[in-house]
Amino acid sequence: AAHVRIEPNTKVTFDGDAAAQLETRAALFVELGGVLMQLGRLADAHHVLQQARGIFAGSAEEVGIMVAISELCIEKGHLDKAIRLLGSVPPGSRSFRKAQMVKADIYLSHRHDRQAYAGCYQALVEAEDNVANNVLLAEAYVRIQAPDQAIPAFERALQLNPNDALLACKIGRALTSTHDYRRAIEYYEGALARNSHSVPLRHDLATLYMRLRRFDAAVRVLEGHFDNGEEKGEGFDSLGALRDEVKSLVMLAEVYEASEDPARQAEVLDSALEKQRHVVERVRAEDATIVREEAEVLASVLHRLGQQAEARRHVEAAGASYLDGLRACPTHEDCLLSAAALHLRRGELAEARTQCETLLRVGGSRAGMEAATCTLADTLFLQDELADAMEQYQSLLGENPNNYRALSKLAELLPRYTGTLDEVQRLIDRAASADPRSASHAGLNYCRGVHARCANDPAAAVRYFNLARRDGVWGERSLEAMVRVYLNPGGGNMWEDDGSGDAAAETQRVVQKLLGEWRAMGAAEQTGQVLENHALLLTRRRADIDRAMQAFMGMLDEDRESVPALLGMSTAFMFDGAQQKARNTLKRIGKMQYQQGLAAEFEAAYLMLAELYIEKNKFDLANDLCKRCLGYNKSSGRAWEIMGLIFEKELSYTDAADCYERAWRLDHEASAEVGFKLAFNYLKARRWVEAIDVCHKVLRQYPDYPRIKSEILEKAQASLRP
């Protein structure tokens with residue numbers, strides 16, 4: 001690029017006196033040099049600033065040019081030269097403050113010399129002991145984590161300007177950062193007594209009391225904002241006063257929420273809502289930016305009311321609050337997200353999708369956009385748009401490997417969609433390597449539990465779910481997953497008696513304990529009832545089976561199309577030996593429209609009905625149900641196992657072995673029962689080497705499984721001998 005050249009005697013005319021003209025012209029040189037530096041044209045910047053130094057030599061503006069040259073030296077990495085230039089700026093120059101601040105930044109950012117950094121600001125105070133310089137010195141000490149040294153500087157600034165309440169706040173915050181809470185409280189209380197109208201002081205003190213869980217004291221401080229209305233003067237009803245009152249009321253609601261007083265919390269939020277509506281009305285004629293800011297505050301208050309209503313299970317009131325918030329501010333991020341989540345929980349998928357797409361269109365914070373994408377993907381999943389849902393989840397993990405909400409969904413979906421677990425393991429490993437602290441994160445442990453469950457490793461699944469079960473976000477789903485593993489660890493038929501009565505009693509005890517924890521987290525009551533009644537069935541006692549049947553019938557009285565209740569009733573019939581009744585009940589599920597949200601229940605019903613058809617020698621109907629299941633879930637080893645049984649009964653041992661081989665692989669070669677069936681059909685198909693290999697794999701994992709040795713292994717070995 002050509003050099004920028006400015007003639008030294010160039011005549012430029014400005015309005016004003018000669019000194020002002022000189023200052024303006026010097027500022028133009030400095031600005032031009034800065035622009036050239038930003039463009040990376042350091043040589044041109046050097047040329048311009050050197051010309052300027054010659055033009056303004058001996059004038060008051062020379063110092064400003066030297067500061068600009070020092071910044072150029074920093075860009076070039078010539079730090080020592082920059083420090084020398086900045087150090088030559090005399091204390092009496094109006095550029096002295098900037099020179100010291102630039103030099104301080106060199107010491108901290110490049111030399112990591114905290115003492116020299118603070119020394120630059122100390123030099124400012126020594127040159128001129130005023131409020132601004134003392135505040136700069138104090139903030140410099142705070143930046144280098146020396147709050148004890150910052151306090152005297154803040155106090156000196158307050159001494160010079162006793163009426164500045166914000167300085168008092170800064171002193172209080174510095175004291176708080178030293179963890180000397182008693183001294184901080186004493187200071188805040190004293191400062192508030194001297195300046196009772198200072199809202200920032202009042203809010204800082206209330207925040208400190210909340211942090212210390214001294215809720216009564218926090219309430220006292222915040223209510224003091226409203227107790228002395230007659231002393232607040234003419235500005236009591238001003239717009240600024242109304243805004244401050246809204247802030248105090250919102251903070252007071254936070255105190256009541258933390259102290260678990262929902263009635264007072266709702267009352268205070270209603271007051272905040274009323275006052276903020278007045279604020280919005282009064283600014284309608286103001287600038288559009290101000291109107292939008294106050295509308296956002298109104299929407300935030302309504303969002304808090306919605307959250308509080310949801311916590312109290314007042315779903316209709318929560319939805320109305322979110323809707324009001326969106327009327328006030330159609331692009332309010334929290335209201336859009338909460339409304340979408342609420343619609344999703346209520347099964348209003350079109351409305352949930354609309355809210356998510358709105359936020360994704362208008363944009364928001366990174367966390368908000370991730371949450372909207374996740375909720376949209378959940379909605380697509382429930383609308384049976386699996387490919388689009390997985391694309392959304394994968395895009396989230398591409399940007400953030402530790403987005404455990406997306407990872408958990410893919411851990412469930414990918415095996416069903418692809419029939420393998422390899423990709424899930426890769427995503428889990430990527431998340432673990434992306435964050436060194438992820439090993440203890442409940443979200444990652446939940447995902448690992450899901451993966452272990454799919455890999456037919458119930459012990460590992462329980463271990464991972466147990467690590468996540470007390471987490472506020474992941475605890476509820478981890479507890480449900482643990483209960484399901486305990487109820488049916490092998491994934492087979494619960495009613496097939498293995499003679500372990502004591503084990504069943506222990507399982508029921510553990511399940512009841514976990515369900516108690518789960519309900520305490522606000523879990524879905526119907527799901528809890530379904531799981532609890534399945535636990536009753538495990539006891540095999542007549543009275544418990546009857547109780548479970550009555551419970552399932554009660555659920556069906558409320559909803560005749562409840563798939564979990566119909567499946568539970570069918571299972572109870574199987575425990576009771578009433579296979580015909582079970583088959584008739586399962587047929588009702590078979591005629592229903594498949595729902596992704598109840599995928600496990602539908603697939604279990606298909607396979608139960610297929611087994612019942614096999615007993616009646618209706619192999620074609622059973623085979624169709626297995627294929628139907630595999631169409632929805634390619635990772636269903638149980639479906640391949642039942643298809644193998646069909647071929648085995650038809651004496652087609654080669655085809656049976658192929659099916660059992662798929663089931664064996666999908667169970668990660670961890671099922672003794674499937675291994676036995678595979679080895680048996682290899683033996684019948686005269687594939688003796690493969691039969692021996694499978695027998696050895698089973699015996700390595702289950703040494704106490706002698707049946708496979710005597711019935712298959714020895715026969716296969718004998719068949720190989722000449």
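Being a predicted model, the structure only gives us computed values, none of them experimental. Values below: every heavy atom of this structure, side chains too, minus hydrogens, waters and symmetry copies.
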Ignoring hydrogens and angles, write down the donor-acceptor pairs under 3.5 Å from the side chains of residues 459-471, residues two or more places apart or on other chains.
from	atom 1	to	atom 2	distance (Å)
N466	OD1	R469	NH1	2.7
R469	NE	E517	OE1	3.1
R469	NH2	E517	OE1	3.1
R469	NH2	E517	OE2	2.4
D471	OD2	V473	N	2.9
D471	OD2	W474	N	2.9

Sub-6.0 Å ring centroid separation between F552 and H534: yes
Residue among E648, E641, R665, K677 satisfying side-chain hydrogen bond (donor to acceptor under 3.5 Å, both in side chains) with Y660: E648
N-O pairing of E316 and R346 below 4.0 Å: yes
Non-hydrogen side-chain atoms of D559 and M555 separated by less than 4.5 Å: no
Minimum heavy-atom distance between V268 and A253, given as atom pair plus value: CG1-N, 3.8 Å
Between OG1 on residue T571 and CG on residue L538, distance to nearest 0.5 Å: 10.5 Å
Shortest non-hydrogen contact between A352 and A340, atoms and distance: CB-O, 3.5 Å
Salt-bridge present (D576, K581; N to O < 4.0 Å): no
Verdict with reasoning, Y594 to Y632, per ring-ring contact (aromatic ring centres under 6.0 Å, His included): CA-CA 9 Å; Y594 182 88; Y632 293 119; 3.5 Å; yes
Heavy-atom closest contact (Y613 atom, K587 atom, distance): OH-CE, 3.4 Å
Enumerate donor-acceptor pairs with a distance under 3.5 Å from any side-chain N or O in residues 620-629 to protein atoms, sequence neighbours excluded.
from	atom 1	to	atom 2	distance (Å)
R628	NH1	G590	O	3.2
R628	NH2	G590	O	2.9
R628	NH2	Y606	OH	3.4

Student check: side-chain heavy atoms of L273 and R277 closer than 4.5 Å: yes
4.5 Å side-chain heavy-atom contact, T331 and T358: no
Separation between CG of L269 and CD of E254, rounded to the nearest 0.5 Å: 9.0 Å
Derivation and outcome, side-chain contact (heavy atoms from CB on, under 4.5 Å), residues M549 and F573: CA-CA 8 Å; M549 280 189 179; F573 283 139; 3.5 Å; yes
Euclidean distance, D388 CG relative to Y393 OH, rounded to 0.5 Å: 12.0 Å
Short side-chain donor-acceptor distance under 3.5 Å, R547 and T539: no
Under 3.5 Å side-chain donor-acceptor pair for D261 and Q265: no
Gap separating the CG atom of N403 from the CD atom of E370, nearest 0.5 angstrom: 5.0 Å
Straight-line distance of E601 CD to M592 CE, nearest 0.5 Å: 12.0 Å
Pairwise side-chain contact, L556 with L566, heavy-atom cut-off 4.5 Å (strictly under): yes
Salt bridge (charged side-chain N to carboxylate O under 4.0 Å, His left out) between E480 and R484, intermediate numbers included: CA-CA 6 Å; E480 180 183 351; R484 292 187 184 279; 3.0 Å; yes
Side-chain H-bond candidate by donor/acceptor type, E333 with S365, under 3.5 Å: yes
Donor-acceptor pair between H343 and E351 side chains, under 3.5 angstrom: no
Backbone of G675 reached by a side-chain donor or acceptor of W664 within 3.5 Å: no
Nearest atoms (heavy-atom pairs only) where L444 meets A431: CD1-CB, 4.2 Å
Minimal non-hydrogen separation, I545 against A572, with atom names: CG2-O, 4.2 Å
Heavy-atom side-chain contact between L612 and Q580 under 4.5 Å: no
Check against side chain to side chain donor-acceptor pair (under 3.5 Å), R405 and T375: CA-CA 10 Å; R405 181 176 171 184; T375 304; 3.0 Å; yes
S652-D655 side chain donor-acceptor pair, cut-off 3.5 Å: yes
E532: side-chain hydrogen bond (donor to acceptor under 3.5 Å, both in side chains) partners, not counting sequence neighbours: R519
H451 and R448: CA distance, side-chain angles, deciding distance, side-chain contact (heavy atoms from CB on, under 4.5 Å) verdict: CA-CA 5 Å; H451 180 262; R448 282 175 164 158; 5.5 Å; no
L349 vs L344, side-chain contact (heavy atoms from CB on, under 4.5 Å): CA-CA, chis, key distance, verdict: CA-CA 6 Å; L349 304 183; L344 186 64; 3.9 Å; yes
Step-by-step salt bridge (charged side-chain N to carboxylate O under 4.0 Å, His left out) determination, R542 to D546: CA-CA 6 Å; R542 177 77 257 169; D546 288 343; 2.8 Å; yes
Side chain to side chain contact (heavy atoms under 4.5 Å, CB included) partners of E260, counting only residues at least two apart: none
H303: ring pair (Phe, Tyr, Trp, His ring centres under 6.0 Å) partners, not counting sequence neighbours: Y322
Residue pair M390 / K409, side-chain heavy-atom distance below 4.5 Å: no
Flag, side chain of N633 to backbone of S635, donor-acceptor distance under 3.5 Å: yes
Gap separating the CD1 atom of I589 from the CD atom of E561, nearest 0.5 angstrom: 10.0 Å
Modelled atom types, side-chain donor and acceptor of Q529 and N533, under 3.5 Å: no
Positive for side-chain hydrogen bond (donor to acceptor under 3.5 Å, both in side chains) with E611, one of R638, Q579, R583: R638
Any side-chain donor near an acceptor of the partner, N402 and Y404, under 3.5 Å: yes
Sub-4.5 Å side-chain heavy-atom contact between P262 and Q308: yes
Set of residues satisfying side chain to side chain contact (heavy atoms under 4.5 Å, CB included) with respect to M553, sequence neighbours excluded: Q550, M569
Closest non-hydrogen atom pair between I428 and C447, with its separation: CD1-O, 3.9 Å
Test side chain to side chain contact (heavy atoms under 4.5 Å, CB included) applied to S570 and L586, L609, N584, the passing residue: L586
Verdict with reasoning, Y417 to K634, per side-chain contact (heavy atoms from CB on, under 4.5 Å): CA-CA 6 Å; Y417 201 70; K634 291 183 174 62; 5.8 Å; no
T420 and D422: side chain donor to acceptor below 3.5 Å: no
